[in-house]
Each structure stands twice: as structure tokens, then as C-alpha cells.
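In what follows, chains carry the letters A, B, and so on, assigned in the order in which the sequence lines appear, proteins first and then strands, with residues in each chain numbered from 1.
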Number of protein chains: 2
Amino acid sequence: MAATTQDRAGAKAEFDAFLAACPSRQLLGRLSDKWVALVLAALGDTLRQPGCDEPADARPMRYSELSRRLVGVSQKMLTQTLRALERDGLITRTVTPTVPVTVTYELTDLGRSLHGVMIGLKDWAEVHMGEVLANRDRYDAAAS
Amino acid sequence: MAATTQDRAGAKAEFDAFLAACPSRQLLGRLSDKWVALVLAALGDTLRQPGCDEPADARPMRYSELSRRLVGVSQKMLTQTLRALERDGLITRTVTPTVPVTVTYELTDLGRSLHGVMIGLKDWAEVHMGEVLANRDRYDAAAS
DNA sequence: CAGGATCCAGTAGGATACTG
DNA sequence: CAGTATCCTACTGGATCCTG
């Protein structure tokens, strides 16, 4: 997944996010979004529920299911994020003409390739939260 | 680095970024920042320069060096980002009282543990940029 | 149910000028 | 060199109302 070494050795990407004009800089900005991380995490996480330990394969999720999982997300942000991810080809949107309509979202292969990174980010935040909190206290105390 | 499986198996974190009130949600929001990703990537990337292939250990970077590497960053954003990262204990700030003053930034152990994830994100953006661009074209064309 | 449309407050973030 | 301080705009993003 994190093929950092390989990338430099083999076919070097012609994109460089360190450069302001590079499209990858803009893409990085797009991916660096709380809701993007959470949506991607949620969509890939469905089968990793308590009880089941194997990642298996992701189950599509409905709009309402996502909005319930991402506690506090506004429908505007959720829709906006989903649209952007769909446009970039990270997720698919499937409309089933039931009454009322059913819409499901699912990771594409491309989205799955990013899922690991996003889970890594989310997990890092959860695992190191305590340490970060302690660091903040120390920093703020020093500035007394 | 991405100990996703391990985290669930072992000591489950008491933080859950899916919950709005959880501090880790706010931390995720902070980390989900273009400049955070680029600063962290830059600080850990110093020894992985062309020519040298081994990651070895990161060299501290000066403020001006960072601002040159992160093309297009404003001093406000750079300073703001560096302060936040320092407060959270991800980087250290060292002032050497030369004339004029020299300030260097370096990853802490905590910062290094996040570096891999951030590099993963940046590299993903660069590697899959072409594919994403193609997906966008297809999406926009379909909405004609 | 799954959004679209609109309004509006808050803030992110650039530009500029100044300092130890 | 490495910032701090201030101003100001543009966009983010929540709240609200409406629809197929």
C-alpha cells in the first residue's frame, strides 16, 4: 500500500504535491478532509464489525446508514463529500428504484486502495489521542 | 505502522473518531490538513533525497527551508501549522541563538510514527493522480 | 429516503507591513 | 532569519426549507 520506496526506485510519479501548481497538490487538499477520511473508513469497515475479525469485503452502505455512522455530519457535507468521491472514482453510487428510493455507496478498487491509508490516519488519531492530549497540556502549561 | 488489525485485537482504543464529541474526531480534523501532511512529509523526507535511497534518519529542517520546499505556502500557514504540530508533540522546535537566529524543526518519535501515514497519503495522491483525472473527465462528460 | 436549494455566520487563509 | 500583527475576502459548512 505505502509503496514509497518502490515509487522512487521504479516509475517515478510525474506529480509532486510539494509544487503548488501540481494537480496532486489540489488532490491532496481534497483528500485531507475529515469527512473524506471518515466516509472512506466507514465504507471499508462494514465487514470488520465486532465479532467478525476478517476484513473480508466491504458491504455497500446506504446514505442514511452513513449519516448515522458519521455522527454529527450535516447532510450537506455528507452529500458533498460523496459526490466528490464519486467524481474522483473512489466510490460508486447505486440507485435502486424502490419506493422510497434506495441509494447505496460502495468503494471502487481505487477507493479500496486508499482505504488503508485513511484507516491508518483515523486509527493513529484514536491510538495516540491520549499522548497528544498530554503533550498539549505540557505545552500550554509551559506557556504560563 | 498501520496496525489496524492489531488495534482491534489488543487494547481497543477508548477513542472513536466516528463520534462527534470524541476528541479524536477533532484531532482527525487537525491532521486532515494539506499543510500538515506536507510538513510531516518534508521533515521525514530529508534523507531520502535523490541519490540516497535509505530512509536513514531525518535531518532537522530550517524554517526557510520548509517554506521553500512547500511551494506556495504562506508564512502564516506555515507558522500556524508548525505551532500546532509542536503543541501536539509531533515536532520539536529548536532555536539556535546565532545572528540572525536559526530555528530548526524535527520530527519527534510521535511525529515519526505518523510520518508513514502522511507519506502514504501524499504518495497515493501523486501515484493515482492520472487515474483520478480520467475519472473526473468521465464523470463530467456524463453530466453533459 | 435521499437529497437539492438557499441563506448566512464563522473562519480559514492570503496579502501586507513591521520586529527582535 | 523567523517570525508576529493586522486587515480583509472568500469560502466552508451548519441550519432550514423544500421535493421526487
Using atom [atom1] of [X] as one end and atom [atom2] of [N] as the other, report the distance to the nearest whole Å.
X	N	atom1	atom2	result
A:Leu70	C:dA2	CG	P	14 Å
B:Asp33	C:dG13	CG	C1'	11 Å
B:Trp35	C:dG14	CH2	P	7 Å
A:Leu66	C:dA2	CG	C1'	12 Å
B:Lys34	C:dG13	NZ	P	7 Å
B:Leu82	C:dG13	CG	P	14 Å

Nucleotide range of DNA chain D contacted by chain A, 5' to 3', under 4.0 Å to a heavy atom? D:dG13 to D:dT16
Assess whether a salt bridge exists between [X] and [Y], defined as any Lys/Arg side-chain N lying under 4.0 Å from an Asp/Glu carboxylate O.
X	Y	result
B:Arg112	B:Glu106	no
A:Arg25	B:Glu126	no
B:Arg87	A:Asp140	yes

Please determine whether a side-chain nitrogen or oxygen atom of A:Arg83 lies at a distance below 4.0 Å from atom OP1 or OP2 of C:dG3. yes
Given [options], identify the nucleotide with an atom nearest to the side chain of [X].
X	options	value
B:Met77	C:dG14, C:dG3, C:dC1	C:dG14
A:Pro100	C:dA2, C:dG20, C:dC1	C:dC1
A:Lys76	C:dG14, C:dC7, C:dG4	C:dC7

Residue closer to the 5' end of DNA chain C, A:Val101 versus A:Thr79 (nearest nucleotide): A:Val101
Taking side chain as C-beta onward, heavy atoms only, is B:Asp88 less than 4.5 Å from A:Leu133? no
Exactly one of A:Val71, A:Val73, A:Leu38 clears side-chain contact (heavy atoms from CB on, under 4.5 Å) with B:Phe18, and that residue is A:Leu38
Can you confirm whether B:Arg136 is buried at CZ, in the sense that more than 12 heavy atoms of other residues, nucleotides or ligands lie under 6.0 Å from that atom? yes
Can you work out whether B:Thr102 or A:Gln75 has the more 5'-proximal nearest nucleotide on DNA chain D? B:Thr102
Check: B:Thr102/B:Tyr63 side-chain N/O donor and acceptor closer than 3.5 Å: no
